[in-house]
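Read through the structure below, which is laid out as structure tokens, and then see the notes.
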Amino acid sequence: MDPKGSLCANSTRSSSLTSPVNALQTNFPSDPSSFYGVRIETPFKEFNLPSPPTQSVLPGEPNKDIMIPDQENCPLSDMSHASKLQDWNPSAMLNNLSFLEEKIHQLRDLVHLIVNKKCQPFGQPHELVTQEQQLVTADLTSIIVQLISSAGSLLPSVRHTLTNTNPLVGQLDQLHGINLPFGSDSSSGLRSQNNSGNKLLDQSTQNDPPNNCEMEQNYNMEEHEPKDEEDIDEGEHLPPGSYEILQLEKEEILAPHTHFCTICGKGFKRDANLRMHMRGHGDEYKTPAALAKPHKETGSEPKLIKRYSCPYAGCKRNKDHKKFQPLKTILCVKNHYKRTHCDKSYTCSRCNTKKFSVMADLKTHEKHCGKDKWLCSCGTTFSRKDKLFGHIALFQGHTPAIPLDDTKGVAEPPDLQNRESNNSVGSNNFCFGSNPSSENAVQNMMDVKGNIDDPMNYFSSLNFEGCNFGGFNEFSQPPFEDSEGSFSFLMSGSFNYAPKFGGGESSSDNLL
Amino acid sequence: MEQPNSTNLFDHLARELICIILDHLLRDDDPFAAKSFSQVCKSFHALESTRRLKLKPRRLEYLGRILKRYRWISQLDLTLCPCVDDATLERLSLAWSSSLRRVDLSRTRLFSHVGVSSLALNCTCLVEIDLSNRADLTDLAAKAIANAVNLERLSLGRCKSITDLGIACVAVGCSRLRHVGLRWCIRITDFGAALIAIKCKQIRSFDLSYLPITEKCLHHILQLEHLEDLVLEHCIGIEDQGLATLQASCKSIKMLNLSKCQNISHIGIASLSKGAQNLEKLILSRSLVVTADLAKCLQSFPKLQLVKLDGCLGTMSGLKGIGNLCASLKELNLSKCAGVTDENLSFLVQTHKDLEKIDITCCGRITHASISSITNSCLRLTSLRMESCSMVSREGFLFIGQCQLLEELDVTDTEIDDQGLLSISRCTKLSNLKLGICLMITDIGLKHIASSCSELKHLDLYRSSRITDEGIVAISLGCPLLEVVNIAYNSNITDTSLVSLSKSQKLRTLEIRGCTRISPEGFSNIAARCKHLETLDIKSCYKINDTGMIQLAQYSQNLKQIKLSYCSVTDLGLIALASISCLQNLSIFHVEGLTSNGLVAFLLASQSLIKVKLHACFESLIPHQIKKYMEARGCVLLWRDKTLEASRWE
């Protein structure tokens, strides 16, 4: 590839490179234990294993599944990201994409070669410690990094979106969009892009597990933010008639996809994702006009404020109710309808008692489940100590319940270990640490490091509130002993996830 | 066995009369008196068994007999028993379930919340329990305490593992609590302290020293209607700003201790003691600067009697302001208070003529003028502490005799001479006299004291090197009540002194450290005659040998603590000491005749040991099992690598 292309990627990296790390994390279930499990068990094999099958399947498929939950919760980011779309450089992007395609083809050929030559079962990873495998590893890493990098370049000022709402989702959307044309064509390969990939790895190496968790939590918080809107608009008192009332039908509300490709019929939750998808169907869909957000053009006329009504008759949110309180957004409608009028199908796997109909609610709960350590003798639990003491002060004879074992720390939930073992099932016969490829990876990273001017900038530009990037201070210190850590981290993020959430047709529905 | 002459004369005494006598004996808390009484005859023995209410056992090996003999014990002090397990507690709680009211477990370990629980559940009339110094007791123990619904006094000092949760259980369960001590319970915060104040409305005294509390809990505490004593020592979370937000005020409070609260000033004190009309004692040790503003703040307490400003920085205007208080102080502590001068101290004492206790320790700037004004105006003075007031000339001490009510005088490390002692001898009620490092005094002065101060109980002559036997003999003759004598490092002291001191029947503590001329024969007088001896320091009395130890073992059965470093004691003497049943503390360094075998034999044989200080060279010589065993028995072995002070051997 021409140096210009890579330069371009580099120039945008300050805003884009950071995204993959976080984007991948966001897709993890909120329980950090599973994340650890994945990380510790070095699920590199999972990365290697699915790679040959990717040839037959559309490579972007797993990623798409990952995105779905976020997408659902954050329609707002559509707007923000779409508005940024004008800024990106299509020619550079095209360069990147064609490079990626070419790269993937190369890789596919290589893997084919390996498969044909050896015909070995993939469950014997210790025997896979070969030169080919190292190559595959390095290439795949490079592809992923480039992919993410390209996705990021779609959104040059990540900083702003991040501070607004759900930045990840926007990035992921684009990532997804870029993924789609992946498997189709090919062009000539290039090595130089490895650099960016390795840099990315460097950064991910710096992500200590605690940081990961924190960021992850932070994102979960953001994900669930829209949920509150339903509550916020409680106080809204628009005079009747000053707004337009829309009422979606039940099927429409519960539909997993609302946007469909007119060519292949594939469904999407977001229009932006559809537009990204459409690009794969031909060059006419790649023009800025085709990619621009449709509403934007018609937005000049003054419009009535839109408010939504719940289709459920008799509900206070139904327009026929005499004390009708409209819902503010479609998301509010969806969440309200599911919470109020649907079965609570998501059960908390920790306490096995709490049930939710909205996935985000379950995630929120799971974060705090088991943390209600302030228990009164009457059986009431409190998440805060002052609440418990207020309760005790108020009621006669109530005392704090004192645990018999008298351990003060939050006990590890028993199912946590099960989860870990589940996660490790697929990966425990592969040992990355003994793999020579890790050394190569380290070497690459070391070479590349000189190119990075000020790695801290990448992260500081993110403006993560409440995130602790303490680990990044060590960024410029040379040795990266746990290269497998960075690999597993990156890989597990993208591949381990697919079986978890994409494990069936219903799964995407569940994630709504 | 049947006695031939069955006419016991004591049987003719009226039972009521005997009971009155016995109660009188028991009230004095003299174990010997009670013991003698019970040994008179069977009926006396039986009577003593039933009338006895207090018990302070040395060991619990004979618990069965104790339980059988004394059925009505209400006050149990287990401080001499380092190891009390759950089973023991359960047993005695069952035996004395209807009588036991007070239990002191502050020096005891080994028991857990189970034992506490059995005490609290079985002894329904338990009103007082002291569980201090059990850093390992958890909230479960606190929960167990909560079963004692009648509890009125609870001490949990240094129970560092008890948290807000535990104390909340106590607060809810023991609603009749009146005295709560939570000193050093560092895991108790505002929540726990506030909950006690909310649930236990009867609280009289509340000690929250060293807790991480803020004004949040004080808001509730100040609403207690009966609160009298509030101790907030070293509560550094309490600050002026927070205190300013307090709305509540406590009118009943009498004592406020804000020692070492470095984050408060007079503003905080003012907001904390708002409306405290009855405040009598204010302790501000090592906390703030004594300013005019503070003095102004103190004006609002008309009943103030005691002010402690030790370790504070005193300004001229502040100290003078205290002199202008409308209240008449009875006790004033200005020790180590920088800024105390003749001028402000004289001014101060002139207005507070009722002062009974003055502490001006280490006030290096005051001279005889201050002493003159103190003695002229404070005629009711009972206690004067002026250690290290080095600027006070010998004339200054001549005034002290004017305070004829003086009971306690500390003139350690001053210029006092025999003329001063002559003056002091006019204080016939003197019971505590400290003359340490007074290099000017001689036997003549001591004779003055001996001739008139017959009530002297404590005498400290540490390093007052001009003292000889003559003075000590005079003191022993003139002061028959002597209990505590320190004549350490007086090289002129010989056996003669000990012979005369051995006549002091009440002698409890004797320090003759570094009196190198004392011979085994001289010491044997003390060992054989002073039966009440509890603490003995014979370090560097090189000549004292096994004979002395054997005699101690034979006669001084009350010895609790002995320091015998550098003595000529061997294994034999040490093993003899093991037979002293209440020996608890021991310090042995550089005792040449001691071998590890002898030491082990002693450790194994001595039953009540709590702390033994030994030279580090023995640490490797003592078998590990022995160490384990001693630890299990509640004895701490402290290994110190002290260097040999060779110069003493000359």
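Order of the sequence lines sets the chain letters (A, B, ...), proteins ahead of strands, with each chain counted from 1.
- Within a 6.0 Å sphere centred on NZ of B:Lys216, other residues, nucleotides and ligands contribute 12 heavy atoms or fewer.
- By the neighbour-count criterion of 12 heavy atoms within 6.0 Å, atom NZ of A:Lys354 is sparsely surrounded, having that number or fewer from other residues, nucleotides or ligands.
- Interface summary for chain B: among A:Gly390, A:Ser377, A:Pro400, the most heavy-atom pairs under 4.5 angstrom belong to A:Pro400.
- Under a cut-off of 6.0 angstrom, the local environment of NZ in A:Lys344 is sparse, with at most 12 non-hydrogen atoms contributed by other residues, nucleotides or ligands.
- Residues from residues 225-249 of chain B never place a non-hydrogen atom less than 4.5 Å from a non-hydrogen atom of chain A.
- Between the side chain of B:Lys199 and the main chain of A:Ile392, a donor-acceptor pair closer than 3.5 Å is present.
- Here the CD1 atom belonging to B:Ile198 is positioned 10.0 Å from the CZ atom belonging to A:Phe389, to the nearest 0.5 angstrom.
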Show your reasoning for whether side chain to side chain contact (heavy atoms under 4.5 Å, CB included) applies to A:Leu388 and B:Leu165. CA-CA 10 Å; A:Leu388 169 67; B:Leu165 297 183; 3.9 Å; yes
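- Within residues 103-131 of chain B, no residue has any heavy atom less than 4.5 Å from a heavy atom of chain A.
- Here the side chains of A:Asp386 and B:Asp190 are not in contact, with every heavy-atom distance at 4.5 Å or above.
- Sparse packing is recorded around CG of A:Asp343, with 12 or fewer heavy atoms of other residues, nucleotides or ligands lying under 6.0 Å away.
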